[in-house]
Amino acid sequence: QQKVQQSPESLIVPEGGMASLNCTFSDRNSQYFWWYRQHSGEGPKALMSIFSNGDKKEGRFTAHLNKASLHVSLHIKDSQPSDSALYFCAVSRESNYQLIWGSGTKLIIKP
Amino acid sequence: DMKVTQMPRYLIKRMGENVLLECGQDMSHETMYWYRQDPGLGLQLIYISYDVDSNSEGDIPKGYRVSRKKREHFSLILDSAKTNQTSVYFCASKTDYEQYFGPGTRLTVL
């Protein structure tokens, strides 16, 4: 059974700083990796996906994947108060397989 | 704009009462999900539906059942609700890659 673990559980970053969120997974056959973001009182929303080893940048957000070390990370540059949210890592073997979810990292951006 | 709706948004029930949570999507997605979210536990998968009348248990199906009679509508039913079913429930529908979530239903069982 795939296990997805996120660290840290919570993170406080000053406004304008860099936030780094980590996720490890156990199934070496994993192919699809997602970061979802959930603001308080809302449902999770897909933030970005990464399917190949290396970096993927979308604006202030960069995802990094290293399948060999079973690790995926999310880095948020120039953090804004609106980035305060719960961030989930989700992993699957195939596009039509169910996602396996981490337990989340609570990110607080301090003005 | 892809949209998943959930009704009701808030619900308070007494232990032993029946509960019906409803979810709708306007995107004709075949696959839909029910999750519950508890602090520190992330999202736990209750049921998956692959289309009308094609449902599968997720990781924590005990105490729940589902119904999907139309592609756009997926219901979660709690027969004789228990206090440990107090939680926030999310419905989601899926494209080839991405899941779209509703706003959630906060259920309190007293």
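Throughout, a chain's letter reflects where its sequence line sits, starting with A, and its residues are numbered from 1.
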Check: Same cluster for A:W34 and A:L47 if Ile/Leu/Val/Met/Phe/Trp/Tyr side chains link at under 4.5 Å?
Finding: no

Note to self: Quick check on A:L86 against chain B: is it the side chain, the backbone, both or neither that has a heavy atom closer than 4.5 Å?
What the structure shows: side chain

Note to self: Suppose a student defines contact as a heavy atom less than 4.5 Å from any heavy atom of chain A. Which residues in residues 59-91 of chain B would they list?
What the structure shows: B:D59, B:F90

Notebook entry, point to check: Quick one: what part of A:E9 sits under 4.5 Å from any heavy atom of chain B, side chain, backbone, both or neither?
Noted result: neither

Notebook entry, point to check: For the atom pair CE (A:M48) and CD (B:E98), what is the distance rounded to the nearest 0.5 Å?
Noted result: 12.5 Å

Item checked: Co-membership, hydrophobic cluster, residues B:V4 and B:Y47, 4.5 Å side-chain -> no

Check: When rounded to the nearest 0.5 angstrom, what distance separates CD1 in B:I48 from CD in A:Q98?
Finding: 4.5 Å

Next item on the list: Establish, from distance only, whether the side-chain atoms of A:W101 and B:Y35 form a donor-acceptor pair under 3.5 Å.
Entry: yes

Margin query: Could you report the tightest heavy-atom contact between B:R9 and A:G41, atom names first, then the distance?
Written below: NH2-O, 3.7 Å

Check: Should we count CE of A:M18 as having more than 12 external heavy atoms under 6.0 Å?
Finding: yes

Checklist line | Joint cluster assignment, A:V72 & A:V4, ILVMFWY side-chain distance < 4.5 Å | finding: yes

Next item on the list: Please state whether the side chain, the backbone, both or neither of A:Q6 comes within less than 4.5 Å of a heavy atom of chain B.
Entry: neither

Margin query: Atom NZ of residue position A:K56 - does it have more than 12 heavy atoms of other residues, nucleotides or ligands inside 6.0 Å?
Written below: yes

Notebook entry, point to check: At their closest point, which heavy atom of B:L43 faces which heavy atom of A:P44, and how far apart are they?
Noted result: CD1-CG, 4.0 Å

Checklist line | Linked, directly or transitively: B:L21 and B:Y33 (ILVMFWY side chains, under 4.5 Å) | finding: no

Margin query: Assigning hydrophobic clusters by single linkage (Ile, Leu, Val, Met, Phe, Trp, Tyr; side-chain heavy-atom cutoff under 4.5 Å), is A:F33 placed with A:W35?
Written below: yes

Item checked: Derivation and outcome, side chain to side chain contact (heavy atoms under 4.5 Å, CB included), residues A:Q38 and B:F101 -> CA-CA 10 Å; A:Q38 183 182 26; B:F101 284 80; over 6 Å; no

Checklist line | Nearest non-hydrogen partners of B:Q99 and A:Y36, listed with the distance | finding: N-OH, 2.9 Å

